[in-house]
Visitor: 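This structure is in structure tokens; I'll ask about it shortly.
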Protein chains: 2
Amino acid sequence: MTAVGMKIGALAIRSGLPIKTLRYYEDLGLLPAVGRSEGGYRLFAEESLRRLDFIRRLKSLGLTLDEIQECLAVHDAGELPCGDIQRQLQRQIDLVDGRLRELRLFRRELQSLLQNWQSDPAPNTAVICPNLNV
Amino acid sequence: MTAVGMKIGALAIRSGLPIKTLRYYEDLGLLPAVGRSEGGYRLFAEESLRRLDFIRRLKSLGLTLDEIQECLAVHDAGELPCGDIQRQLQRQIDLVDGRLRELRLFRRELQSLLQNWQSDPAPNTAVICPNLNV
DNA sequence: TTAGAGTCTCCCCATAGAAGGAGAGTCAAG
DNA sequence: CTTGACTCTCCTTCTATGGGGAGACTCTAA
């Protein structure tokens, strides 16, 4: 009378994630099954639900599955992953800041082009678009 | 004594783009060759250089190759593509603005999480990360 | 025992824009 | 004529995260 574990369909329903995703996560090592049934069906522990909540949350914070797996490895080693997650989140902020800078610069370039745009310039056979001069 | 046209290697050197890219553009219809040699080699006109400058510029402004092709189709129809490009650039600005809003919101979420972060919280067996509460 | 639902593995597909390579054919100079 | 450089088409691979489906197998309730 061992606790048998959930089959993948039950986990899918309870977690709200598609079966395909659960298999994918298991293949990646993100979501270890406790074992297999005699017929080869994956069996998952209750804990998998917590793990999926964690994965989903970190995904929503922009971490890749690889990065999430690193955090889970720390957890599985018996330590709190808070420090690692903190570092990852700080890295996310840095990435976002870099991206924001790029986008603001890009926006200025686009805006300044449109600023002086001539809707109906004189055709110029040497360029395709006289406004861009190329 | 017809103008024979460049072979792809010459166009690659003069444009600074890899041969693979030129073939790719030709396959997409972005960069029509004037024809083929008897042996099947692509032959390009001088005008291809201008076309590639145009493509490169619009790519740098964030347009997809599909969108660039639409502009080139207008050009090839004998019209100035300035109006179409203007619309595309305005669309780019709108996309950038949307993205900027998303990123700013996202940054605030990350920042507020880190604001209250406890580097060394009390372990909690019901969650993986007490700071995130999942 | 049987039917139907659930699950398995394996493979292809998608995005966008190419890059890498194999194997065969072509071109130009000496 | 030969040789080396160039080019051809066709196929696979890359990123990241799965989705879709085929064909076979398993499980469970009646």
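What you see is a predicted model, and the numbers here were worked out from it, not measured in a lab. In what follows, chains are A, B, ... by sequence order, proteins preceding strands, each numbered from 1.
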Visitor: C:dG25 P sits how many Å from B:K7 NZ, rounded?
Guide: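 Atom-to-atom, B:K7 to C:dG25, this comes out as 18 Å.
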Visitor: Can we say A:R50 and A:D53 salt-bridge, meaning some charged N sits less than 4.0 Å from an Asp/Glu carboxylate O?
Guide: no
Visitor: Would you say B:Q88 and B:D84 are linked by a side-chain donor-acceptor pair, where the criterion is simply a distance under 3.5 Å?
Guide: no
Visitor: Distance from A:R56 atom CZ to A:T21 atom OG1, nearest 0.5 Å?
Guide: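 Here the rounded value is 10.0 Å.
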Visitor: Examine the base of C:dG21 for any acceptor or donor lying under 3.5 Å from a partner atom in the side chain of B:K20, and report the outcome as yes or no.
Guide: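 Answer is yes: a donor-acceptor pair is held.
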Visitor: Atom CZ of B:F44 to atom P of D:dT7: distance rounded to whole Å?
Guide: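 For the pair B:F44 CZ and D:dT7 P, the rounded distance is 10 Å.
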Visitor: So, does B:Y24 get its side chain near the phosphate of C:dA16, meaning an N or O under 4.0 Å from OP1 or OP2?
Guide: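 No, outside the criterion.
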Visitor: What integer distance in Å separates B:Q69:CD from C:dG17:P?
Guide: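 Going from B:Q69 (CD) to C:dG17 (P), I get 11 Å.
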Visitor: Looking only at side-chain atoms of A:L65, point me to the closest of D:dC8, C:dC27, D:dT17.
Guide: D:dT17
Visitor: Mind calculating the distance between CZ (A:R23) and C1' (D:dG21) to the nearest angstrom?
Guide: 12 Å
Visitor: Please check the phosphate of C:dT9 (OP1 and OP2 only) for any side-chain N or O of A:R36 closer than 4.0 Å.
Guide: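 Checking A:R36 against C:dT9: at least one side-chain N or O falls below 4.0 Å of OP1 or OP2.
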Visitor: Check this one for me: any side-chain N or O of A:R42 less than 4.0 Å away from OP1 or OP2 of C:dG6?
Guide: no
Visitor: Look at the side-chain N and O atoms of B:T21 and state whether any lies under 4.0 Å from the OP1 or OP2 oxygen of C:dA19.
Guide: yes
Visitor: Side chain of B:W117, backbone of A:C82: donor and acceptor closer than 3.5 Å?
Guide: yes
Visitor: Closest nucleotide of DNA chain C for B:G39 versus for A:L43: which of these residues is on the 5' side?
Guide: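 Whichever sits nearer the 5' end wins; that is A:L43.
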Visitor: Quickly work out the B:E26 CD to C:dA18 P distance and round it to whole Å.
Guide: 15 Å
Visitor: Could you give the CG-to-C1' distance, from B:D66 to C:dA18, as a whole number of Å?
Guide: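 The answer, rounded to whole Å, is 14 Å.
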Visitor: Write down the distance between CG (B:L31) and C1' (C:dG17), rounded to a whole number of angstrom.
Guide: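 Answer to the nearest Å: 15 Å.
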Visitor: Quickly work out the A:I8 CD1 to C:dA5 C1' distance and round it to whole Å.
Guide: 15 Å
Visitor: Using heavy-atom distances to pick each residue's nearest nucleotide on DNA chain D, tell me which of A:S37 and A:P18 is more 5'.
Guide: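 The residue whose closest nucleotide sits nearer the 5' end is A:P18.
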Visitor: Check if the side chain of B:Y41 and the base of D:dC6 share a donor-acceptor pair of N or O atoms closer than 3.5 Å.
Guide: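 Under the 3.5 Å cut-off, the side chain and the base do form a donor-acceptor pair.
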Visitor: Describe the nucleic acid contact of B:L28 in one word from base, sugar-phosphate, nothing, applying a heavy-atom distance below 4.0 Å.
Guide: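 No contact at all - B:L28 keeps every heavy atom at 4.0 Å or more from the nucleic acid.
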Visitor: Using only atom types and a distance under 3.5 Å, with no angle test, would you say the side chain of A:E70 pairs donor to acceptor with the backbone of A:E67?
Guide: no
